[in-house]
Amino acid sequence: MYNRCLTWLRTQTRNLVQDRRGVSAVEFSLLAPFLVMGAISTVDAGMAVYDKMMITQVLRSGAHSAISAESEAQMLAILEATAQDNFTLAQGTPSQGELGLSVNSYCVCPEATGTAVACTTTCSGGVSPNEFYELSAVMEFDSVLLPNFTLDSSLDVIAP
C-alpha cells in the first residue's frame, strides 16, 4: 500500500511538472504590471514633451507678435493672450498645472553682450546700449507616475 501511494505521488508530481498548460497566463500576470507602468510612463513623458513644446511655441509666437510692444506690460499682455488658448494662466505664483509668464527688460552694450548695464549708460564709442526683453514661462508638470517636475523656457527678444 505504501509503495502504491508513493508511486501514485511520483506520477502525479511528474505530470504536474511536465504539464505546460497555463504557463503563458502566469508569465503574463508577472509581466503585465511592468508593461502597464511602462506604457503609462511613456504617455506621461510624451505629455511633458508636448507641454514643453507648447510653452516654447507660446513664447515664440508671443515674441513674434510683441515686436511692436512698447513696454513690459504690453509684452506680457500679448504673451498671456497667446497662452490662454492652451494653458491655465497663473495669477501670481503658478501652482500645479498653471503657466506662469514673466517679461523682464534689460540692456547690454554691443561689445559686452554677457553683462547687463543700465539702459541710460553710454557704451564705448558713444553708442547707446541695446534693450532686450526676456520672456520666460514656467509650469509645474502634474505627472501620473513620474515625479512632478518643472517645465521652463525663456527667450530673449531685442526691443524695437
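Remember, it's a predicted structure, so these values are computed and weren't measured experimentally. These values consider heavy atoms only, across backbone and side chains, with no hydrogens, waters or symmetry-generated copies. Position 1 is the first residue of the sequence, and the numbers go up from there.
- Partners of T82 according to the side-chain hydrogen bond (donor to acceptor under 3.5 Å, both in side chains) rule, which considers only residues two or more places apart in sequence or in another chain, do not exist here.
- For S29, there are no side-chain hydrogen bond (donor to acceptor under 3.5 Å, both in side chains) partners, not counting sequence neighbours.
- In this structure, Q84 has no side-chain hydrogen bond (donor to acceptor under 3.5 Å, both in side chains) partners at least two apart in sequence or on a different chain.
- Every pair passing ring pair (Phe, Tyr, Trp, His ring centres under 6.0 Å) that includes a residue from residues 141-160 is listed here, sequence neighbours excluded: F141-F149.
- In this structure, the separation between CG on L101 and CG on L135 is 9.0 Å, given to the nearest 0.5 Å.
- Checked against side-chain hydrogen bond (donor to acceptor under 3.5 Å, both in side chains), S102 has the following partners two or more places apart in sequence or in another chain: S136.
- Judged as a side-chain contact (heavy atoms from CB on, under 4.5 Å), and not counting sequence neighbours, the contacts of V138 are P94, T150, D152.
- Sorted by first and then second residue, the disulfide (SG to SG under 2.5 Å) pairs with a member in residues 127-160 form an empty list; sequence neighbours excluded.
- Atom-to-atom distance recorded for S61:OG and I78:CD1 is 10.0 Å, nearest 0.5 angstrom.
- Taking each heavy atom of L99 and M139 in turn, the nearest pair found is CD1-CB, 4.0 Å.
- Within the model, atoms CG of D142 and CD of Q96 stand 4.5 Å from one another, a figure rounded to the nearest 0.5 Å.
- Applying the side-chain contact (heavy atoms from CB on, under 4.5 Å) test to A81 and every residue at least two apart in sequence or in another chain returns nothing.
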Please table the atom pairs, donor to acceptor, closer than 3.5 Å between any side-chain atom in residues 32-44 and protein atoms at least two apart or in another chain.
{"residue": "S41", "atom": "OG", "partner": "M37", "partner atom": "O", "Å": "2.9"}
{"residue": "T42", "atom": "OG1", "partner": "G38", "partner atom": "O", "Å": "2.8"}
{"residue": "D44", "atom": "OD1", "partner": "V144", "partner atom": "N", "Å": "3.3"}
{"residue": "D44", "atom": "OD2", "partner": "S143", "partner atom": "OG", "Å": "2.3"}
{"residue": "D44", "atom": "OD2", "partner": "V144", "partner atom": "N", "Å": "2.8"}
{"residue": "D44", "atom": "OD2", "partner": "L145", "partner atom": "N", "Å": "3.1"}
{"residue": "D44", "atom": "OD2", "partner": "L146", "partner atom": "N", "Å": "3.4"}

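- Residues passing the salt bridge (charged side-chain N to carboxylate O under 4.0 Å, His left out) test with R21, sequence neighbours excluded: D19.
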Please list every donor-acceptor pair under 3.5 Å in which a side-chain atom of residues 115-126 meets a protein atom from a residue at least two apart or in another chain.
{"residue": "T121", "atom": "OG1", "partner": "A118", "partner atom": "O", "Å": "2.9"}
{"residue": "S124", "atom": "OG", "partner": "E111", "partner atom": "OE1", "Å": "3.4"}
{"residue": "S124", "atom": "OG", "partner": "E111", "partner atom": "OE2", "Å": "3.2"}

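- For residues 74-115, every residue pair satisfying the ring pair (Phe, Tyr, Trp, His ring centres under 6.0 Å) rule, not counting sequence neighbours, is listed here: Y106-F132.
- From R60, atom CZ reaches atom NE2 of H64 across 13.0 Å, with rounding to the nearest 0.5 Å.
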